[in-house]
Amino acid sequence: STHIPQLLLIQQEGTYLVWIDTSKLSLQGDYLIHFLGKEAKMGVNNGSVFGMEGKGFIRMNISCPRSILVDAMNNFKEVIGKLS
């Protein structure tokens, strides 16, 4: 949340799946998923497919080399900035 204050990262417990609260963004659900795919070139899961508790969240798999993750996060930050 330091670098992308519009988002809240849910504390992980030893997993490579990250849940991100996107409820403060202007785009939600499938619109947000499509936007991130097109603009940030990243695939994430719409949290709502995992039940009502997932609404307003995206799930991101971060099981990849650190260099790829750093590049993806930089793209993510830039694209989320466009929504503000």
Side-chain angles (χ1 to χ4, degrees):
S1 67
T2 301
H3 297 285
I4 310 174
Q6 307 91 315
L7 303 176
L8 174 65
L9 179 67
I10 304 305
Q11 184 70 29
Q12 292 178 237
E13 293 184 17
T15 181
Y16 56 90
L17 298 171
V18 177
W19 287 88
I20 302 170
D21 182 342
T22 60
S23 61
K24 293 182 181 179
L25 298 179
S26 59
L27 285 180
Q28 291 294 313
D30 290 335
Y31 296 107
L32 177 60
I33 300 304
H34 178 72
F35 179 78
L36 291 175
K38 182 178 178 189
E39 298 294 324
K41 308 292 188 247
M42 61 189 313
V44 295
N45 298 107
N46 186 343
S48 65
V49 302
F50 300 98
M52 287 302 298
E53 298 86 0
K55 187 174 180 181
F57 290 84
I58 58 173
R59 189 182 80 165
M60 181 184 300
N61 183 327
I62 60 169
S63 178
C64 62
R66 182 178 181 88
S67 61
I68 291 173
L69 186 58
V70 168
D71 288 343
M73 292 296 94
N74 287 331
N75 289 344
F76 191 44
K77 179 181 177 182
E78 181 180 329
V79 167
I80 293 300
K82 293 178 182 180
L83 294 176
S84 299

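Nothing fancy with the numbering, it's 1 onward along the sequence.
Taking OG of Ser23 as the start and CZ of Phe57 as the end, the distance is 7.0 Å to the nearest 0.5 Å. Between the CD atom in Gln28 and the CD1 atom in Ile33 there is a gap of 9.5 Å [rounded to 0.5 Å]. Distance check, rounded to the nearest 0.5 Å: CG of Leu8 to NZ of Lys24 gives 7.5 Å.
The number of heavy-atom neighbours closer than 6.0 Å to CZ of Phe50, taken from other residues, nucleotides and ligands shown, is above 12.
In this structure, the side chains of Val18 and Ile10 stay at 4.5 Å or more apart for every pair of heavy atoms. Between His3 and Met73 there is no side-chain heavy-atom pair separated by less than 4.5 Å. No side-chain heavy atom of Leu25 sits under 4.5 Å from any side-chain heavy atom of Phe35.
Not counting sequence neighbours, Asn75 has no partner by the side-chain hydrogen bond (donor to acceptor under 3.5 Å, both in side chains) test.
Under a 3.5 Å cut-off, the side chain of Thr22 and the backbone N or O of Gly56 do form a donor-acceptor pair.
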> Should Ile58 and Leu36 be marked as a side-chain contact (heavy atoms from CB on, under 4.5 Å) after you check the CA-CA gap, both sets of side-chain angles, and the distance that decides it?
Replying inline: CA-CA 11 Å; Ile58 58 173; Leu36 291 175; 4.0 Å; yes
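Exactly one residue among Ile62, Asn61, Asn45 makes a side chain to side chain contact (heavy atoms under 4.5 Å, CB included) with Leu17. That residue is Asn61.
Among residues at least two apart or in separate chains, salt bridge (Lys or Arg N to Asp or Glu O under 4.0 Å) pairs with a member in residues 31-56 are Glu39-Lys82.
Here the shortest heavy-atom pairing between Ile20 and Met60 reads CD1-CE, 3.8 Å. Looking at every heavy atom in both residues, Phe76 comes nearest to Ile4 through CD2-CD1, 3.9 Å.
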